[in-house]
There are 2 protein chains.
Amino acid sequence: MTSGAQNPYPTADAGTSHVGRRIRSLREERGLSLSELARRAGVGKATLSGLENGTRNPTLETLWAVTAQLGVGLGSVVGTGPVVHGTAVQGVLLQAFEEEGAAYELYRLVFPAGSSQLSPAHHQGVTEHLTVFAGLLRAGPADAPLLAGPGDYITWQSDVPHTYATLGDQDVHASLLIRYPRLRSGLPDGPVREPGEVSPRGDASGR
Amino acid sequence: MTSGAQNPYPTADAGTSHVGRRIRSLREERGLSLSELARRAGVGKATLSGLENGTRNPTLETLWAVTAQLGVGLGSVVGTGPVVHGTAVQGVLLQAFEEEGAAYELYRLVFPAGSSQLSPAHHQGVTEHLTVFAGLLRAGPADAPLLAGPGDYITWQSDVPHTYATLGDQDVHASLLIRYPRLRSGLPDGPVREPGEVSPRGDASGR
DNA sequence: GGCGATCGTTCCGTTTACGGAACGACACGG
DNA sequence: CCGTGTCGTTCCGTAAACGGAACGATCGCC
């Protein structure tokens, strides 16, 4: 994704309007009025109105105040960038974790009903962990896929080609956690590795 | 501004400074100078300097421009959500999903080394799905906890009291997905599916 | 119909985040 | 030693995000 150099995001405008829609949606899900949410969050109604309509470029502080009242993390509304369109699946990277022994990427996936997709093998040791929220999905190694319905969890080694295919006429919603074990090759310690999390393959612009 | 109502966050200040530190850390990992990153991101050096030092309250647009150049999603640097404190665990709600048949809450958890916690029973049908990123954790029903190490997944019915306890001297990092089946007033029309029971190694029959 | 309450938007003065330029500190090279 | 380059911070005028108040629209109630 991203490819570094050029700005991969549609300027701030498209972004802010997306965030605005998301916030409005969350607010309405909770049955809150704009005035009420503004009051609780301690921001002006003008601020919240402009934010929801995408006519303002909100401040981090403002976003925190609002999302906190909605009970979601800021990461939930900024979406982290619509990424990863497979041939069938639409995915959003929710979070990337860096741990000592492995990197994790957590995706929110939607498979349109009737779709199927074949993914190539990842590196050795990579595992995928998938939890289905809604719909019926057959996924896993191409030669032995597993079946999962709402609430089910399936996992497989993804160092072989693997497939995803919906069953039934429902869209499939799922979360997918991909685990990339840290390759124990070469450098043992090297520089003092900060625990800070890093997108594993972000980089680009090789230094 | 600033704490209009009671603010569950460590004020925006702590938040912005946290984001600033994260961004500085990401920048330095890439060997970029402040000037260079500012130039590439198309923001002023003053802006980036203030942002990294936590003396400014950056705009969404600014954050996008900067994080895009760092090759990470905005969610990676603001990755904080509502903080949940148990007696031992520190948790962050990453996402809450509302599906037709169930609600899901996805948490990022950190158990300090040596800690343990007992949680009361949830409603019937609620299941917990936990993936350990780092450390060693014993968790599950109080009378039959399961063991999980890095990369392991465990699940259990949480309609009975359940425990979490770290093993070893490492902090435990994990993701926890809690599934709340929608209560069909009356009878559970759809038979509640058993939790996955498929796991790289943890497994062991939740319940 | 009249009236009050609340909805979301718009107006407006104040505050502040913005980019550009100037600054001192440091590292090289001539 | 003294340019020359780049580092990150600070200063400053401008643009814009902020909260409060005023606005028209819509609902419920008498």
Side-chain angles (χ1 to χ4, degrees), chain A residues 7 9 11-70 74 77-78 194 196 205 207, chain B residues 1-7 9 11-70 74 77-78:
Chain A
N7 182 352
Y9 291 93
T11 342
D13 253 58
T16 53
S17 76
H18 174 262
V19 169
R21 281 196 302 272
R22 179 103 176 88
I23 284 183
R24 171 158 292 178
S25 160
L26 287 169
R27 172 172 68 77
E28 291 176 344
E29 280 178 17
R30 286 158 179 68
L32 286 173
S33 71
L34 186 149
S35 309
E36 176 66 10
L37 177 57
R39 193 188 58 77
R40 290 196 198 178
V43 305
K45 295 200 294 180
T47 301
L48 184 53
S49 175
L51 165 54
E52 289 192 352
N53 291 323
T55 61
R56 281 202 191 177
N57 174 21
T59 281
L60 187 55
E61 188 174 344
T62 299
L63 285 170
W64 256 319
V66 172
T67 55
Q69 282 304 317
L70 291 172
L74 180 45
V77 304
V78 298
E194 289 292 329
S205 77
R207 75 204 54 117
Chain B
M1 64 142 85
T2 115
S3 74
Q6 72 285 17
N7 186 342
Y9 288 96
T11 346
D13 254 58
T16 52
S17 76
H18 175 260
V19 169
R21 281 196 302 273
R22 172 66 55 74
I23 285 183
R24 171 158 293 177
S25 162
L26 288 170
R27 172 173 68 78
E28 292 176 344
E29 282 178 17
R30 286 159 178 67
L32 287 173
S33 71
L34 185 148
S35 310
E36 176 66 11
L37 177 57
R39 190 187 61 76
R40 291 196 196 177
V43 305
K45 294 199 295 179
T47 301
L48 184 53
S49 175
L51 164 54
E52 289 192 353
N53 290 323
T55 62
R56 281 202 191 176
N57 174 21
T59 282
L60 188 55
E61 187 174 346
T62 299
L63 285 170
W64 256 319
V66 172
T67 55
Q69 281 306 315
L70 291 172
L74 180 44
V77 301
V78 299

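Naming convention: chains lettered A, B, ... in sequence-line order (proteins, then strands); numbering from 1 in each chain. Treat the numbers as computed from the prediction; the structure is a model and nothing was measured.
The nucleotide whose nearest atom lies closest to any side-chain atom of B/Lys45 is, among C/dT9, C/dC18, C/dA22, C/dA22. Set against D/dG20, D/dA17, C/dT9, the side chain of A/Asn57 has D/dA17 as its closest nucleotide. Listed candidates were D/dT10, C/dG8, C/dA17. Nearest to the side chain of B/Thr59 is C/dA17. When the nucleotides D/dT9, C/dT9, C/dC18 are ranked by their closest atom to the side chain of B/Thr62, C/dC18 comes out on top. When distances are taken from the side chain of A/Thr47 to each of C/dC11, D/dG8, D/dC18, the shortest belongs to D/dC18. In this structure, the nucleotide among D/dG8, D/dC18, C/dT9 sitting nearest to the side chain of A/Asn53 is C/dT9. Closest to the side chain of B/Ser35, out of C/dG8, D/dT9, D/dG8, is D/dG8. Here D/dG19 is the nucleotide among D/dG19, D/dG8, C/dA17 with the atom lying nearest to any side-chain atom of A/Arg56. Here D/dG19 is the nucleotide among D/dG8, D/dG19, C/dC18 with the atom lying nearest to any side-chain atom of A/Val43. Picking from C/dT9, D/dT10, C/dC7 the nucleotide with the shortest atom distance to the side chain of A/Ser33 gives C/dC7.
Look at CZ on A/Arg24: it is 12 Å from C1' on C/dC7, rounded to the nearest Å. For A/Leu34 and D/dG19, the CG to P distance is 12 Å, given to the nearest whole Å. Put simply, CG on A/Leu37 is 10 Å from P on C/dG8, counting in whole angstrom units. As a whole-Å value, the separation of B/Glu61 CD from D/dA17 P is 8 Å. Atom CZ of A/Arg39 and atom P of C/dC7 are 10 Å apart (whole Å). Rounded to whole Å, the distance from CG on B/Leu51 to C1' on C/dA17 is 11 Å. When the C1' atom of C/dC7 is taken as reference, atom CG of A/Leu32 falls 13 Å away, rounded to whole Å. Residue A/Leu48 contributes atom CG, which lies 15 Å from atom P of D/dA17 at whole-angstrom precision.
Atoms OG and CZ, on A/Ser35 and A/Arg40 in that order, are 12.0 Å from each other to the nearest 0.5 Å. In this structure, the separation between CG on B/Leu26 and CZ on B/Arg22 is 6.5 Å, given to the nearest 0.5 Å.
Counting only heavy atoms from C-beta outward, the side chains of A/Leu37 and A/Leu70 approach each other to under 4.5 Å. You'll find the side chain of B/Leu51 reaches within 4.5 Å of the side chain of B/Leu63, heavy atoms only.
Of the possible donor and acceptor atoms, one in the side chain of A/Ser33 sits under 3.5 Å from a partner among the backbone N and O of A/Glu36.
Within 4.0 Å (heavy atoms only), A/Arg27 reaches sugar-phosphate atoms of the nucleic acid but no base atom.
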